[in-house]
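This report refers to the structure that appears directly beneath it.
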Amino acid sequence: MKSDTLIEIRGLGKSFPGVKALEDVSFDIRRGSVHCIVGENGAGKSTFIKILTGALQRSAGTMTLDGAAYEPRSVRDAMSRGISVLYQELNVVDDLSVEENLCLGKEKSRFGFTLPDPEREKVAEMLRSLEPSIRLDMRVRDLSVAQKQMIEIVKALSSDCSVLVMDEPTAAISEEEVKRLFAVVAKLKAAGATIVYISHKLGEIFEIGDWVTVFRDGRMIETKPIPEIAASCRDLPEACVELVRMMLGKVVTEAYSPRPNRSEEVLLAARRLGNARLKDVGFELRAGEILGFYGLVGAGKTEVARALFGIDRHSGELELRGRRLDLRSPRAAIKAGISLVPEERRADGIFGKLSIRANVPVMRMASVLRLGLIDRRLEERLADGYMGKMSVNARDREQQVASLSGGNQQKVVIAKCLNREGSVFLMDEPTRGVDVGAKKEIHDIIRGLADAGKGVIVFTSELPEAVHLCDRIVLMHDGRVRAVVENGADLDHDRIMALVAGGEADR
Amino acid sequence: MVRNAVAARRMDLQKAVLLGVIALISLALAALTPSFLSLRNFTNVLLQVAVVVVVASAANLLMVTGHFDLSIGGVLAFSGILYAFLAKRGIPLGAAMALTCGVAALWGSINGLTVGGLGITPVIATMGTMYAARGFAYLIARWDGGANISTGLPPDFSDFGRSMVFGQVPVVILIMAVAVGVFAFIERRTKLGRYAYAIGGNASAARLSGVRVTGIVFLLYVLVAVLAAICGIFQVSRVGLAAPNIAQGLEFDVVVAIVLGGTSMLGGEGSIWGMILGALVVGLAANGLNLLGVPFFYQEIVKGLLLLFAVFADQRVRRLA
């Protein structure tokens with residue numbers, strides 16, 4: 001008699017040099033269930049999935065699959081044990097046909113020539129039953145994202161998979177297609193498959209999930225049956241809030257100290273901003289203010305930053321000091337006086353191969369030019385100035401920025417933006433991946449900017465940071481502004497969490 | 001050049017190795033063939049190397065942005081033919097030079113637009129220009145009535161190419177010195193230079209820092225083309241006739257010189273001084289093979305091996321650093 005538990009995870013841990021990505025994770029995945037995994041970025045979800053599917057090796061703990069020890073050395077290994085994964089980035093070959101994609105890697109051949117394959121019919125039948133709109137001879141390039149997903153599902157199923165891991169499968173498909181995907185998931189479940197489902201869309205968890213595991217800070221917080229959570233809540237939004245509470249934990253924040261220098265002068269005004277990801281976003285940034293944007297992953301924070309910085313086009317109006325802005329590029333935004341500290345400093349912020357001295361002036365080369373030419377002494381003085389003011393820890397100003405720690409790299413990027421001496425500073429996740437000491441220093445720098453009369457917008461997915469730093473907080477969910485709250489001693493954390501989880505905007 | 005401790009050490013090591021190789025080749029050739037140490041031979045080597053160095057001065061900065069230009073040889077040949085064509089028809093030499101450089105700048109603009117504006121990969125885009133420019137060179141020669149333009153040129157046509165500066169120094173040295181000087185200066189002291197390194201190091205960060213990436217890449221392609229034109233004008237002036245089939249493979253000599261000299265093909269680092277050493281290595285190697293009577297195609301093989309070696313060594317040293 002087969003036991004109820006398919007996969008047992010005990011004491012699973014994963015360490016990288018200097019950081020524990022996972023610690024002491026233990027829970028069970030039941031046969032034939034849809035087991036959902038939730039958690040904010042950095043919570044350990046992806047690390048866990050990578051270990052489960054063989055892409056990473058665990059540092060500690062054990063896993064058993066169907067009663068036998070499960071220690072996959074590679075993704076192929078995991079696949080041979082029946083665990084397949086569907087990533088967000090689709091793994092289909094656009095230029096081949098559906099049939100060729102389905103048989104990829106498993107073609108029957110003799111002396112290199114492909115042979116007709118009896119398995120083909122089985123796979124074709126599977127495809128027909130799941131998604132009849134796809135024919136074997138269609139070119140994959142012509143298919144929609146949802147259809148490509150179906151092909152990947154069929155491909156996984158045809159290699160005898162018993163556990164299908166789906167990573168954010170609904171991120172890029174329409175509501176209609178989501179319904180069809182859920183129907184397929186139900187069919188798979190009925191046929192005995194086990195689904196591990198990762199998603200940021202909490203509503204979906206309650207729609208198709210049987211169990212949910214919440215990760216936070218590298219640990220497994222809770223594993224509960226969905227009906228149990230749903231039963232204790234009045235309605236869906238409240239249930240989502242409950243999940244969010246588990247994901248975020250008790251919000252321990254340092255006290256917010258009200259800042260004296262805030263004026264009433266409106267620096268930046270946004271009205272009805274909209275594009276593919278934003279809906280009707282409006283807010284005001286005042287001089288001398290630190291405005292926070294807070295929300296869960298996918299809420300639209302970075303999209304607002306991109307719109308304000310001229311990276312993405314948008315409908316609606318943007319005004320700087322009353323003057324209408326029509327930003328078509330980052331260059332235009334910088335010219336208008338808006339600087340951005342990007343979310344990904346390695347990819348978008350630093351010039352790794354160059355020295356600190358060479359990095360700092362790039363946003364405003366005029367600061368180091370004399371008679372139109374780069375003056376070495378000006379450069380050195382500029383770099384020294386910022387390195388001192390921001391306590392950049394480096395060997396000297398000639399050190400390659402790529403070799404600095406994350407916190408120091410971030411400081412170099414901030415210095416580059418500060419050097420622009422604009423009026424509005426956008427900071428997207430300014431302390432992500434930064435050690436505690438540097439985090440405090442960066443917060444002080446931000447406060448210093450605001451005290452000097454600049455306007456700073458901090459986009460963050462850490463509520464403690466928003467509460468500690470920001471004068472007002474814009475709460476976002478699903479591309480919309482849910483509320484703008486004034487920071488103070490009576491800040492209602494519960495209401496905040498409810499709003500960013502999609503709950504009702506009451507009162 | 002923007003340096004830092006680690007990269008500086010690697011660059012110095014690379015330059016030391018190159019200098020060593022140059023010394024080695026020179027000694028070996030001096031021992032093997034008596035004609036190596038003659039003035040005529042030195043002049044030959046110098047002329048070969050000069051063209052590469054002049055064009056590579058600009059091409060180096062282009063490669064620092066992570067782009068390169070395969071149309072150099074074609075544009076050079078085209079410019080020589082056009083210059084001779086115009087001179088033959090009575091256009092004053094100065095005006096002919098300016099006009100030729102102007103048309104070459106157009107070829108460069110095409111590269112700039114296709115690579116920068118349309119985002120076509122440099123290999124394909126500049127290969128197209130290479131064929132087109134050389135095709136036009138043959139065409140113009142045909143319009144003139146023959147395969148080459150060798151007759152009917154004004155009497156002072158060769159004055160420029162064969163002139164001596166300060167009495168003793170061939171004009172090509174002056175051109176080389178000016179080109180190197182200008183671009184070394186641009187590299188270190190100008191916004192253009194800094195932006196080039198920024199683009200090559202991290203194009204996305206450059207864009208988000210307000211750098212006009214397409215504009216700079218465009219400008220560099222134009223500069224490379226103009227320098228190729230100057231070399232073309234100089235060469236046909238020195239020889240006294242213009243042929244559409246010269247400078248075949250020049251673009252690869254330029255790439256080898258640049259990569260041997262320490263400029264990464266991915267962009268973001270490298271300086272003009274290393275390039276000069278690289279050009280010398282290639283020039284001396286080719287010269288040596290010539291003097292030793294090695295058939296021409298072996299030289300091509302050696303160049304190919306040098307290029308492979310240069311790229312391979314570049315990767316390995318990078319992994320060490």
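To find a chain, count down the sequence lines: A is the first, B the second, and so on, and within it residues start at 1.
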Looking at B/Val213, B/Leu219, B/Leu220, which hits side chain to side chain contact (heavy atoms under 4.5 Å, CB included) with B/Ile216? B/Leu220
[X] versus chain B, heavy atoms under 4.5 Å apart: side chain, backbone, both or neither?
X        : result
A/Leu369 : side chain
A/Ile334 : side chain
A/Arg397 : neither

What residue in B/Ser209, B/Gly201, B/Gly200, B/Ser204 has the most heavy-atom pairs under 4.5 Å with chain A? B/Ser209
Hey, is A/Lys301 close enough to A/Glu462 for a salt bridge, meaning N to O under 4.0 Å? no
Below 4.5 Å, heavy atoms only, C-beta onward: do [X] and [Y] meet side chain to side chain?
X        : Y        : answer
A/Val401 : A/Phe351 : no
A/Asp95  : A/Arg141 : yes
A/Leu278 : A/His314 : no

Find the one option among A/Pro342, A/Gly352, A/Ala347 whose heavy-atom pairs under 4.5 Å with chain B are most numerous. A/Ala347
Let me know if B/Ala206 has heavy atoms under 4.5 Å from chain A in its side chain, its backbone, both or neither. both
